[in-house]
Amino acid sequence: MTQDLSGTFNEMMNGADIRAAYSNLERWHNEMPADLRSLKQHEAENLFRRVGITFAVYGEGGDPERLIPFDMFPRVFTAAEWRRLDRGIRQRAAALNAFLADVYDRREIIRAGRIPEHLVTRNAAFEKAVVGVRPPRNVWSHIVGIDIVRTGRDQFYVLEDNCRTPSGVSYMLQNREIMMRMFPQLFVDNRIAPVDGYAALLKKTLASVAPQKCEGEPNVVILTPGQFNSAYYEHSFLADLMGVELVEGQDLFVEGDFVWMKTTEGPQKVDVIYRRIDDAFLDPLCFRADSMLGVPGLMNVYRSGGVSICSAPGAGVADDKAIYTFVPEMVRFYLGEAPILENVPTWQCAKPDECQYVLEHLDELVVKEVHGSGGYGMLVGPKADRAQIDAFHAKITERPENYIAQPTLALSTCPTFVEEGIAPRHVDLRPYCLVGETIELVPGGLTRVALKEGSLVVNSSQGGGVKDTWVLAD
Amino acid sequence: MKLHVRHETRYAFDAPVKRLVQSHRLWPADNAAQRVLSWSVDVPGGVVGASFRDGAGDMTQTVSVRGPVTELTVTVEGQIETADTAGVLKGHRELVPPSAYLTATRRTALTAELRGLSRDALDGLEGAGTLDRAHALMRAVANAIAFVPGETEPATTASEALNGGQGVCQDHTHVLIAIAQAADIPARYVTGYLLSTADSVGDEAGHAWAELWVDGLGWVGFDAANRKCPDATYVRLGSGFDSHDAAPIRGVLHGQAGETLGVSVSVSQAGQAQQQSQGAGQRQQ
């Protein structure tokens, strides 16, 4: 998907002038000799390779040995811009959690007629097994990744919410680490809010949702599917930073009222599990019987209050694309506030009149599968040929409830290193909001950039790269 | 009616199992049709824990056994006072919304044949109430599937059972769930015990029937294998989407060597002679 950049918001420019937030960076770039630039680019690649962080962002799959391209030109938010994003992200994370607590309990939002019952209870991510469960502090999604795009000076839209186990935060941390190592002077000349407190905040968040039965310092572990998982690097990286054990299902067992970790000094009780495996594989006695990755009996311990699982099983019902449309309504319903961040206008093909509109405007819309992810199974109308449009016309007609459509957004651009200097390339943003006793957000996130000229697809599986993301201090 | 239940499940493992964990749904919940007088679940050598009442109102308990284990016996024994509520589940405390039971599983997945059976069963009943429609669906299942043990397996799907035309209570229940859901009636799988009488069928290890959601009444039991709604001869254990989800005992199969399973269930009227039934080699996982 390419487009004419004239109508899009260039985050560095204000008309012909450089915006103040980028003026130091513009000078930095202009003064950088060409040979130094390629030297640094090389150095960055070597650093990424040495730490072992390879292609694994957002569970998109792909070659696990491939390096995601790192673009050295940072993306910058002013303090004022971030204040608004920060409030909007926290607000959204709070509403999503209130929704989850509600749909597994009294279902007030359904009773009030604000959201159709079938979208919730017949959703593939709705877990009957956790109805009536009340996790500690009633928090269900402890790490909320909210994907945001910008289309103008003050226009931000939420593209999607990720309430299960959003990945990519290791890139946020490593991008900063590597920039600081390569260009220390930049961090002297600019007042950039730090992101390295993330691991401590994550640990604090996880410890704050320990079960009531836990006495003393909670024992937190990260549960990984193992080293063949594409995000394994991130799992071990976070375990190291937090100083907690990284375990696989076979390292844990259930006995009595608790979950135990096998150690050389005997079994050690586990209080909080930050799981990086899907609901379906958590426990063969509750979900998929053929799962070798989970812990038999884990869900019974969880449901009887002996262990906390983050995110809570069943949290996925809040980030489904069909539910997405109702998030602003959740903000109004549960918090009594006006939504700070807007949704992208979305047509639900499940509604006959909206479906009609979508079918008549396929050439200008982006069509997504309700349960799809990673930029696959998607129609980008303006870039599609007749055959692709006809194919989607047939698919939508056959199963309308499987599809939603959105306008093709003019994503903002950020300067990005290219062969001949710098050029504007489209970007998005994923911040990671932590929800426990408090709601925490480090100032920053992961910026993905579409490296191909004019491309709007930032997915790493389709030629996207990553950037360091700066929030300037006042 | 006062019923005495004894339900024994014996596992024998070909190779010793290092550690064994099971999830049990073997405790009947009190409701208007049943009141537990005494009940016990005995697992020699097992550590019991992590018990709770789930959102569907069923008691769940976890049992772990430290290995090596070569055999294991789970014995359920109890007395329960039952009453006839014409199959209506009353006084059962639960939170799961009925609409959640419109979701099919692999075992209850709809096919053209199942949709056809549902449509044919309801032909002419367009204006009828849900209760009449539910009875029509039950009759259709009873007519479509002859009660013949040994023709189907635990993993048999509703579609396969319908195509074969023969099966046991599990198959009747799966087919009834599927064709009820096809008619937008929430339906679920119920496990329990049945006092055998001269003309009842289903005396394999344990019994199963379906519950359908009838507006105004709530959940109502339908036992297609016996063409009737549960009465005082039934004991209700627990529910789920299908036989797998509702299984009274869920465990993990260990390795390829496998296990053999023996189940015996006896249900008798307290004070009278016991009737015993045996099912061997039935896997309940």
Side-chain angles (χ1 to χ4, degrees), chain A residues 102-107 110-111 116-134 211 213 249-250 252-260 262 267 269 283-292 294-307 313-314 317, chain B residues 17-25 46-67 93-106 154-155 181 184 186 188 239-247 249-255 283-285:
Chain A
D102 183 30
V103 296
Y104 287 111
D105 188 21
R106 295 184 49 79
R107 301 184 299 281
I110 295 170
R111 286 171 214 265
E117 177 170 348
H118 72 272
L119 285 184
V120 177
T121 60
R122 300 186 66 179
N123 194 300
F126 182 80
E127 299 288 7
K128 167 178 71 72
V130 296
V131 171
V133 171
R134 195 186 164 91
K213 288 180 186 173
Q250 67 202 31
L252 303 179
F253 67 93
V254 164
E255 190 173 283
D257 291 324
F258 299 105
V259 177
W260 305 86
K262 300 171 190 167
K269 181 160 73 75
D283 178 359
L285 302 191
C286 184
F287 301 119
R288 278 179 64 159
D290 60 348
S291 170
M292 305 292 283
V295 184
L298 172 62
M299 284 301 292
N300 285 0
V301 176
Y302 171 68
R303 291 185 287 179
S304 58
V307 71
V317 72
Chain B
V17 174
K18 250 169 77 183
R19 188 185 297 278
L20 192 141
V21 181
Q22 293 185 334
S23 179
H24 289 174
R25 230 175 310 170
V47 179
V48 174
S51 64
F52 59 98
R53 182 185 291 273
D54 71 14
D58 304 326
M59 278 305 298
T60 303
Q61 192 167 68
T62 318
V63 173
S64 350
V65 185
R66 282 195 190 183
R93 203 184 62 193
E94 68 177 308
L95 283 162
V96 179
S99 59
Y101 296 96
L102 286 165
T103 306
T105 66
R106 190 187 67 78
Q181 288 176 344
D184 265 330
R188 66 185 178 190
S239 68
F241 289 126
D242 60 16
S243 60
H244 175 71
D245 188 42
I249 299 177
R250 271 180 79 163
V252 180
L253 294 178
H254 296 271
R283 272 189 206 289
Q284 286 181 297
Q285 278 87 352

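Quick note on labels: first sequence line is chain A, next is B, and so on, each numbered from 1. Only a predicted model underlies this, so the values are computations on that prediction, with no experimental measurement involved.
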Find the distance between [atom1] ([X]) and [atom2] ([Y]) and round it off to the nearest 0.5 Å.
{"X": "B/Leu95", "Y": "A/Arg107", "atom1": "CG", "atom2": "CZ", "answer": "7.5 Å"}
{"X": "A/Glu255", "Y": "B/Arg66", "atom1": "CD", "atom2": "CZ", "answer": "4.0 Å"}
{"X": "B/Ser99", "Y": "A/His118", "atom1": "OG", "atom2": "NE2", "answer": "10.0 Å"}
{"X": "A/Asn300", "Y": "B/Ser51", "atom1": "CG", "atom2": "OG", "answer": "9.0 Å"}

Interface moiety of B/Gln61 toward chain A, non-hydrogen atoms closer than 4.5 Å: backbone

Report which part of B/Val96 has an atom under 4.5 Å of a heavy atom belonging to chain A: side chain, backbone, both, or neither. both

Is it the case that A/Arg303 places NZ or CZ above or below the six-membered ring of B/Phe52, under 6.0 angstrom from the centre and within 45 degrees of the axis? no

Which pair of heavy atoms, one from A/Val254 and one from B/Val21, lies closest together, and at what distance? O-CG2, 3.9 Å

Between B/Ser64 and A/Gly256, the two heavy atoms sitting closest are OG-N, 3.8 Å

Part of A/Phe287 within contact of chain B (heavy atom distance under 4.5 Å): backbone

Check whether B/Arg250 reaches the backbone of A/Pro284 with its side chain - one donor and one acceptor, N or O, closer than 3.5 Å. yes

Heavy-atom pairs under 4.5 Å with chain A: which of B/Thr103, B/Val65, B/Thr62 has the most? B/Thr62

Chain B: which of A/Ser304, A/Pro296, A/Gly132, A/Gly297 shares the most heavy-atom pairs with it under 4.5 Å? A/Ser304

Do you know which of A/Cys286, A/Ala124, A/Gly306 has the most heavy-atom pairs with chain B at a distance under 4.5 angstrom? A/Cys286

